[in-house]
Each structure stands twice: as structure tokens, then as C-alpha cells.
There are 2 protein chains.
Amino acid sequence: MKNYDHILKKLKEKGIRPSYIRVRIYSYLEESRIHPTVDEIYEFLSKEILTLSKTTVYNTLKLFTEKGLAQQLNIEGNELRYEAIRGFHGHFKCEKCNSIYDMKISQLEFEDDISEFVINEEQVLVTGVCPKCN
Amino acid sequence: MKNYDHILKKLKEKGIRPSYIRVRIYSYLEESRIHPTVDEIYEFLSKEILTLSKTTVYNTLKLFTEKGLAQQLNIEGNELRYEAIRGFHGHFKCEKCNSIYDMKISQLEFEDDISEFVINEEQVLVTGVCPKCN
DNA sequence: ATTACTGCAAATACTTTGCATACCG
DNA sequence: CGGTATGCAAAGTATTTGCAGTAAT
């Protein structure tokens, strides 16, 4: 049995009631590191939580996103991927195998004056071919 | 009547037969600078090209993307936006009014060794609140 | 008892596919 | 004529919504 204590704490801090499903979804986001789609989360967890519905996965991810625990990733055009919030980093998507890698990237440098803009989030997506496929 | 000569030339260079519809779609991408969705392109052009179908817009944009004339932008989760290929730049999306701005950004600096990766494309998406809405 | 959470089914939104018609060289 | 472009309708896929049942405080 895993230890979910730090997740319980994290959810409570954000004012989210740590139901079993929520904890499991967050745990999967945090551990899998695969930037999963809703479907991938659902497929994985529904094997253990047999009554789980996709609606709940959607609801939960929406809640996490609003409360700043998770982030929507616009990687493919047709589907959303999610990841647990961590430090700034970019993503690399392989066009051949569709794997997604994390990439360390220096902080963005804006060449315009952006002092009037409020910035909440920065996403970097690099597309190409990964070493395995090359 | 607009001068479409440079577009005709561009399409021909890429081996694309410059039908009227294709020229108009490219022209709209190039001029509007609004990073339009398929729907926006369709709504705009179908006022003048009454028989235009969305399928054709989809087909054309797919063709442009494959031939390197246009780029798919993953800005919202649920829909694709397109822009004519220009130099590297980022996009800012306002959470309140949903406008999309272009942003000048310095070249990305990777902190990992990426020599084994082939990089074809880089997208930067910044989210927040724009001056008008702030 | 009240509020919040979960889940099914239906509805919506976006995109793709199959096929028929129209156009161009 | 032969190949390409266009367009309609249907199918496919992802997400959201409405509502009812369930669990938690």
C-alpha cells in the first residue's frame, strides 16, 4: 500500500477534499510522468476503481487545474493532456512514436515590453524526432 | 482587387496548384494575423465564396501544413488554430478575452543535451491577462 | 439535513472519412 | 480522358452538461 500522506496534505492545502478518487488521480499524474490524456488516466485507474467514470476524471482534472495542482497541456490538437504542476520545463513530442519527453529549458526571454501583461503560465512544445526513432 | 501574385508564387514553389480557394485561404492566414480556427476561416470566406465547405478548409490547411506553408497551433485544447509560417515567435493568450497576441521571444535555450533529437518546430504559449482586460 | 461527490446518458463540438460531382490540363 | 479539387453527409472522437443517486459532514 502506497503512502498518500503528502498528497492528502497537498489537496487539503488547496481546499480540495481528498476523496479516494482524487488522491488516486493526483498520484497517477505525479508518478506516471507520461502527461496522460483523460482516457489514459481512466483506463489505468478503472482497472482498480471499477465504478470510476470518465466524467469524474474530467471533473477532477478541471478542479485540479482551477486550484493550481495540475496543468492542461496543449500538445496534440485533438486532446488534452495533463500533468501535475512542477517547475517550468518544456515538452518534446516525437512525431513518429508520439512519446512526450520533458525538457529542461532556460527561462523565456521576452523581447517585447510585457510589463502590462499578467503572465500565469508558460508552455513550450518542441516537435521532432526522438533518438529512438531516429 | 487584391494582388495575389506573391501567393501564387509561394504555392507553386511548394508544388501546390493555386486554386482560387487555396489562394484565398492562404491570403486570409497571412493577412488576418488572428491565428484563426477552421471555423473562423470558414465563416469569413464563405461570405464571398458561397459554395465553400468546411471540408475544403480542413483539406487545404492540412495540405498547407504538410507542405510547410502553415502551422497548426495548439492553443486551446479543443480546437486547432493556424497561422502562416513566419519566423520563430511565441503566442500570448488572454484568459479573459481569448485574444491571441504574437510575442517576440529569444531563441530557446535547452539545458539538456539534445544533440540526438531532431527538432522540426518550436511553439511557445504564454497564458495570462492582456493589458486591455487588466 | 445539507452539501458535495460520483456516474450515467444525452448533448455538443471539432475533425475525419467516404463517396459523388465538378473542374482543369 | 484522367487526375485533382471540392463539397455534402455520415461517422468518429473528445468533451461538456443535466440530472439522479450516493456518500460525507
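Letters go in sequence order (proteins before strands), and every chain restarts at 1.
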ask   = Do the side chain of B/S53 and the base of D/dC8 come within less than 3.5 angstrom through a donor-acceptor pair of N or O atoms?
value =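 Side chain to base: no pair below 3.5 Å.
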Take atom [atom1] of [X] and atom [atom2] of [N], then tell me their distance rounded to the nearest Å.
X     : N      : atom1 : atom2 : result
B/I41 : C/dC14 : CD1   : P     : 14 Å
B/K67 : D/dT4  : NZ    : C1'   : 13 Å
B/N74 : C/dC14 : CG    : P     : 15 Å
A/Y20 : C/dC5  : OH    : P     : 18 Å
B/K54 : C/dC14 : NZ    : P     : 7 Å
B/E40 : C/dA13 : CD    : C1'   : 15 Å
B/F64 : D/dA5  : CZ    : P     : 11 Å
B/L61 : C/dC14 : CG    : C1'   : 14 Å

query = At under 4.0 Å between heavy atoms, what does B/T37 touch on the DNA or RNA strands: base, sugar-phosphate, or nothing?
reply =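 B/T37: no heavy atom of the nucleic acid under 4.0 Å.
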message = Any base atoms under 4.0 Å from A/T56, or only sugar-phosphate, or nothing? Heavy atoms, all strands.
response =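 Here A/T56 touches the bases of the nucleic acid.
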inquiry  = For A/E31, is there an ion pair with A/K2 - N to carboxylate O distance below 4.0 angstrom?
reply    =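 Salt bridge present between A/K2 and A/E31.
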task = Please determine if A/E83 and A/R33 form a salt bridge, counting it only when a charged side-chain N lies under 4.0 Å from a carboxylate O.
result =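 No salt bridge links A/E83 with A/R33.
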query = How do B/R22 and B/G77 order along DNA chain D: which one's closest nucleotide is nearer the 5' end?
reply =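 That would be B/R22.
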Out of [options], which nucleotide sits closest to the side chain of [X]?
X     : options               : value
B/T55 : C/dG18, C/dC8, C/dT15 : C/dG18
B/L80 : C/dT15, C/dG18, C/dG7 : C/dT15
B/R17 : C/dC8, D/dA5, C/dT6   : D/dA5
A/E79 : C/dT15, D/dT15, D/dT6 : D/dT15
A/L52 : D/dG7, C/dG7, C/dT6   : C/dG7
A/S19 : C/dT15, D/dT6, C/dC5  : C/dC5
B/N59 : C/dT15, D/dT6, C/dG7  : D/dT6

query = What residues form a salt bridge (charged side-chain N to carboxylate O under 4.0 Å, His left out) with B/E79, not counting sequence neighbours?
reply =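 B/E79: salt bridge (charged side-chain N to carboxylate O under 4.0 Å, His left out) contacts with B/R81.
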task = Using only heavy-atom distances, determine whether the side chains of B/Q71 and B/T65 contain a donor-acceptor pair under 3.5 Å.
result =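 No donor-acceptor contact under 3.5 Å links the two side chains.
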inquiry  = I need the full list of ring pair (Phe, Tyr, Trp, His ring centres under 6.0 Å) pairs touching residues 62-82 of chain A, with sequence neighbours left out, sorted by first then second residue.
reply    =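 Non-adjacent pairs meeting ring pair (Phe, Tyr, Trp, His ring centres under 6.0 Å): A/Y26-A/F64.
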query = Any side-chain N or O of B/Y58 under 4.0 Å from OP1/OP2 of C/dT16?
reply =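 For C/dT16, OP1/OP2 do not have a side-chain N/O of B/Y58 under 4.0 Å.
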